[in-house]
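Reminder, nothing fancy here: chain letters follow the sequence lines and each chain counts from 1.
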Number of protein chains: 2
Amino acid sequence: MMSGSRTAQASTLYRRIRSEIEDNIISGRWPPGYRVPFEHELVQQFSCSRMTVNRVMSDLAAAGLVERKRKAGSVVARPRVQQALLDVPDLKAEVENSGDSYGYELLFRQRVAARRPEAERLGVAIKTPVLALRCRHRRDGRPFAVEDRLINLAEVPEAEQQDFSLLPPNTWLVGQIPWTEAEHRISANNADREIALLLGIDAGSACLNLSRRTWRGGNSITAVTITHPGDCYQLFARFAPSKL
Amino acid sequence: MMSGSRTAQASTLYRRIRSEIEDNIISGRWPPGYRVPFEHELVQQFSCSRMTVNRVMSDLAAAGLVERKRKAGSVVARPRVQQALLDVPDLKAEVENSGDSYGYELLFRQRVAARRPEAERLGVAIKTPVLALRCRHRRDGRPFAVEDRLINLAEVPEAEQQDFSLLPPNTWLVGQIPWTEAEHRISANNADREIALLLGIDAGSACLNLSRRTWRGGNSITAVTITHPGDCYQLFARFAPSKL
DNA sequence: AAGTGGTCTAGACCACGTT
DNA sequence: ACGTGGTCTAGACCACTTT
């Protein structure tokens, strides 16, 4: 029920070292800020040359899992909010970065034992303790997102102590969960009466709908659905062949 | 007016070699299938050790720019349709991969000199020759996407010879343009009468709207807007920390 | 001043795929 | 059998940052 870390034993030394370190980070055993062993320590631990561990650590840094500093060593990075490109972003940070004022309200908060719908949405067993939240985000006073979220309390029990009346759950989770996998679905639909009321738009207006599920080491952490008025939010992504 | 390839001279040998090779690929000078020099040739060319060019080529392979085979050498890869994760995919390939039948119609095709709206959408100078297209995609006979596309004929003059009556422009372009950068915007809006008619849905229904602009070496290639019925198409993306 | 990572070298042996 | 890339080593020198 804890962190499931079954990394395939690797064919090459490089992979073995890399997946062992990656495992420690993704599972949460090495939280953000944790000081990863120095290269010379890894050389001893794996009985290999420095080039090999250096390549592992350089690649992990390029992938954004660790940050390296001369003399100070390497530490586990905290997950970038701009996870690659299509992360459902930290709405709070996003709004404030663009210079607008950010507003947040908690509309609903309840601890429940998962029944069928929650269990399926979150991908957990029935009766798993779950925290259900609904909140609203504003930009310059105007509602621009309704967030419906389930948090798996079996994996993130600390969430129960948080009341989320001031801090958006995503902002809090980003600081708590060291690293995750995520899956997104994006669709469009017409606002029903409830959503229209909450967003201050006409019923039937087009809304952009984002669903994200998040795992840590194979275990479901949270499932969230965010509904934006279609005309006031644009997802954005950019590609280039290399990240150099 | 041709391929603008101004790569900054690099601080390290690795970067210098990598950006020189990357340049050749992205600019199109080395098209898909082109045989990249062998490692020992690059060693001579750059007067360095094999480890250094090997790291460059390995990383380019990991990034998907080249494919490597022992004995045969390395060749420039053809752009993967599943560009990273949120590419507007090749709709034809996507539909057929899911086992459905695919249908395509060209609704409109005209060569024009870019005026204000086209120039802005495509990011080119006014009067640039442009090919404007509108087409419709069907899944199992049912319309599921309307595509509005501009192609910069100054960069892709071959497009003028293509009539696109049978082959979707994206499918053709993927085979023509060796490598690109792209930028996406995703939004939702209510179908106007024209779109509703083309998609066979009610006016006012929510639609998912994807806009993509594509460059090659800094030059605009194509701009496309794809409109899907909101309920029949879902973008999908999945993340994991490493691609090993 | 000392210790870390950043980069590079000149070898080596092996696995694989073409011939 | 041969030539390619895949991987690894044991060193080296340098740049940066903290002490």
Side-chain angles (χ1 to χ4, degrees), chain A residues 7-22 24-25 30 32-78 80 242-244, chain B residues 7-22 24-25 30 32-78 80 242-244:
Chain A
T7 300
Q9 93 288 4
S11 42
T12 71
L13 188 47
Y14 170 89
R15 292 197 171 200
R16 200 164 76 78
I17 300 173
R18 173 154 179 178
S19 49
E20 187 157 329
I21 296 176
E22 235 166 24
N24 282 319
I25 297 174
W30 292 357
Y34 180 93
R35 213 217 70 215
V36 178
F38 296 123
E39 292 190 353
H40 68 262
E41 296 176 311
L42 294 170
V43 163
Q44 287 207 346
Q45 180 181 338
F46 292 98
S47 307
C48 65
S49 84
R50 198 191 137 215
M51 268 301 296
T52 305
V53 301
N54 178 279
R55 210 196 195 276
V56 169
M57 294 302 297
S58 298
D59 289 352
L60 287 178
L65 281 180
V66 302
E67 285 168 7
R68 316 195 73 192
K69 261 195 292 220
R70 296 177 216 235
K71 177 72 178 179
S74 306
V75 299
V76 175
R78 67 177 46 252
R80 309 140 298 173
S242 99
K243 301 129 203 166
L244 257 168
Chain B
T7 300
Q9 94 288 7
S11 43
T12 71
L13 188 49
Y14 171 88
R15 291 199 172 200
R16 199 165 77 77
I17 300 173
R18 174 156 178 175
S19 49
E20 187 157 328
I21 295 176
E22 236 167 23
N24 282 318
I25 297 174
W30 292 358
Y34 181 92
R35 214 218 69 214
V36 177
F38 296 123
E39 292 191 353
H40 69 262
E41 296 175 313
L42 294 170
V43 163
Q44 286 207 347
Q45 180 181 340
F46 292 98
S47 307
C48 66
S49 84
R50 198 191 135 214
M51 268 301 296
T52 305
V53 301
N54 177 278
R55 215 201 194 271
V56 169
M57 293 302 297
S58 299
D59 289 352
L60 286 177
L65 281 181
V66 302
E67 286 168 6
R68 316 195 74 194
K69 261 194 291 219
R70 296 179 216 236
K71 177 71 178 182
S74 306
V75 298
V76 174
R78 64 177 47 251
R80 308 141 299 174
S242 100
K243 302 129 203 164
L244 258 170

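Under the side-chain contact (heavy atoms from CB on, under 4.5 Å) criterion, Gln45(A) pairs with Glu20(A), Leu42(A), not counting sequence neighbours. Phe46(B) meets the ring pair (Phe, Tyr, Trp, His ring centres under 6.0 Å) test with no other residue; sequence neighbours excluded. Scanning for side-chain contact (heavy atoms from CB on, under 4.5 Å) contacts around Glu41(B) gives Arg35(B), Pro37(B), Phe38(B), with sequence neighbours left out.
Listed pair Thr12(B) / dG6(C) fails the phosphate criterion, with no side-chain N or O lying under 4.0 Å from OP1 or OP2. Contact annotation: Thr52(A) reaches the phosphate of dT9(D) (side-chain N/O to OP1 or OP2, under 4.0 Å). Taking side-chain N and O atoms only, His40(A) has a distance below 4.0 Å to OP1 or OP2 of dT4(C).
Rounded to whole Å, the distance from CZ on Arg15(B) to C1' on dC8(C) is 15 Å. Look at CD on Glu39(A): it is 15 Å from C1' on dG11(D), rounded to the nearest Å. In this structure, CG of Asn54(A) is placed 19 Å from P of dG3(C), rounded to the nearest angstrom. The CZ atom of Phe46(B) sits 19 Å away from the C1' atom of dA10(C) (whole-angstrom rounding). Here the C1' atom of nucleotide dT7(C) and the CE atom of Met51(A) are 8 Å apart, to the nearest Å. Regarding Glu41(B), its CD atom lies at a distance of 14 Å from the P atom of dG3(D), rounded to whole Å. Between the P atom of dT7(D) and the CG atom of Asp59(A) lies a distance of 11 Å, rounded to the nearest Å. Between Arg68(A) atom CZ and dG3(C) atom P there is a gap of 18 Å when expressed in whole angstrom units.
Closest of all the heavy-atom pairs between Ala77(A) and Gly64(A) is CB-O, 3.5 Å. Residue Ile21(A) comes nearest to Trp30(A) through the heavy atom pair CG2-CZ3, 3.8 Å, listed as atom of the first residue, atom of the second, then distance. Closest heavy-atom contact between Cys48(A) and Val43(A): O-CG1, 2.9 Å.
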Using atom names, set out every protein N or O paired with an N or O of nucleotides 13-19 of chain D below 3.5 Å, distance rounded to 0.1 Å.
from, atom 1, to, atom 2, distance (Å)
dA15(D), N3, Arg70(A), NH1, 3.1

Enumerate, atom names and distances included, each donor-acceptor pair closer than 3.5 Å involving a side-chain atom of residues 53-62 of chain B, sequence neighbours excluded.
from, atom 1, to, atom 2, distance (Å)
Asn54(B), OD1, Ser58(B), OG, 3.3
Asn54(B), ND2, Glu39(B), OE2, 2.9
Arg55(B), NH1, Asp59(B), OD2, 3.1
Ser58(B), OG, Asn54(B), O, 2.8
Asp59(B), OD2, Tyr14(B), OH, 2.4

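Set against dT4(D), dG5(C), dC8(C), the side chain of Phe38(A) has dG5(C) as its closest nucleotide.
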